[in-house]
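To start, the structure under review is shown below, and the notes come after it.
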Amino acid sequence: MYERPDRLRAPSVFALGSLAESAGAGFPPIVVPAQAGPRPPDAGRATDGADEFERPSSARVYDYLLGGAAHGAVDRELGERLKRSQPDAVGLAQENRAFLRRAVRFLLAAGIDQFLDLGSGVPTMGNVHEVVARSRSTARVAYTDVDSIAALHGRHLLAGVPTATYSAADVTDVDAVLGAPGVVEVIDPARPVGLLAFSVLQHVPDDAAGLVDGYLRRLVPGSALAVSHFTDDDPRLAPDVERHTGGYARTTPRARDHAAVAEILRGVDLVDPGLVWVDEWRPDPGRPPGPDDTRGHWAGVGFRR
Ligand SMILES: C[S@@+](CC[C@H](N)C(=O)[O-])C[C@H]1O[C@@H](n2cnc3c(N)ncnc32)[C@H](O)[C@@H]1O
């Protein structure tokens, strides 16, 4: 269990590391400079009225599955439950991140040089700005996530990266995301944007297709959309999503079938190979597709007409 951040106030720092140590959580130390105030404005803002430090969060469980350090005991507990109960929870996360890297490399090669990442999670373990840097690109990246701990880590990790920002914002609020200071800072709305929605729209319970349409309408033609979406279409996996993830801080992920995910991508022309299993989307040469039990996400990339 986490200690609430308001118990961690110090005159000039907000040291999440000490919280983590006391909770045995393994956070790397985070120090927010004095001019930022004793407590980041988003820290501890519960996403659903509950205390998000005491309940596992999708961002942090995902970080745990990927081998990152930005998680606490409650997140590890759910991560372990997922590992035991789902055929390959770690493989699912790794294949999703591998798709993220391939999709971003593809979009960079296609000329996209600014990315808006929705529901980014903790921006480590091979995330967008790292792919950009490895590609020797100067593309800009605006990360967003509703999870305040992910945002806190994000800001800390990106402190020395002038081309990337991290904003706490709810993907379901298009105006809030597009108007977030970090997004306004790095994204030029007059030019094509790479809109990234990796494994996040399953947290949008209702009209995810309409929501994505709302984003696309605000982006200029030539902008791109990359989506991966959790599914239980493969009967061999048949994951009981609610049972496995019902403890998440905000919402229980909603698996969608191929047709419903295709609907989410209705506003773009999909590039080859279309909407496919995540490991089948333009696999790296010489790398075989993932094992069958990692096929828990549909994936597709397209360009706005
Ligand atoms: C499975 S993780 C995916 C992280 C990252 N996009 C990736 O694919 O590597 C899902 C992320 O969605 C975020 N999320 C869930 N509901 C959200 C919402 N309403 N608005 C923004 N982010 C949300 C979670 O906090 C979490 O970081």
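All ligand and atom numbering here is 1-based and tracks the order in the structure.
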Residue selection (non-hydrogen contact nearest atom 10 (C) of ligand 1) among Ser199, Pro253, Ser120: Ser199

Polar proximity ligand 1 side, Arg97 side, N/O cut 3.5 Å exclusive: yes

Under 4.0 Å to a heavy atom of Asp170 - the qualifying atoms of ligand 1, by number: 18 (C), 19 (N), 20 (N)

Tyr166-His153 side chain donor-acceptor pair, cut-off 3.5 Å: no

Close N or O approach (Val200, ligand 1; < 3.5 Å): no

Donor-acceptor under 3.5 Å (Thr144 side chain, Asp117 main chain): yes

Ser199 and His297 side chains, donor-acceptor separation under 3.5 Å: yes

Options Asn96, Leu118, Leu66, Val61, ranked by nearest heavy atom to atom 8 (O) of ligand 1, top entry: Asn96

Heavy-atom nearest neighbour of atom 21 (C) of ligand 1 within options Val146, Thr144, Leu100, Asp147: Val146

Flag, side chain of Arg305 to backbone of Val268, donor-acceptor distance under 3.5 Å: yes

His258 and Asp233: side chain donor to acceptor below 3.5 Å: no

Side-chain donor or acceptor of Arg282 paired with backbone N/O of Arg102 under 3.5 Å: no

Exercise: identify the closest heavy-atom pair between Leu107 and Ala224: CD2-CB, 3.5 Å

Heavy-atom gap Ala169 to ligand 1 smaller than 4.0 Å: yes

Tyr62-ligand 1 polar pair, N/O distance under 3.5 Å: yes

Contact check: Asp145 vs ligand 1, nitrogen or oxygen atoms, below 3.5 angstrom: yes

Considering all heavy atoms, the nearest Ser228-Phe198 contact: OG-CA, 3.3 Å

Per-atom contacts of ligand 1 with Val171, taking only distances under 4.0 Å to non-hydrogen atoms: 18 (C), 19 (N), 20 (N), 21 (C)

Which segment of Ala93 sits under 4.0 Å of ligand 1 when only heavy atoms are counted: neither

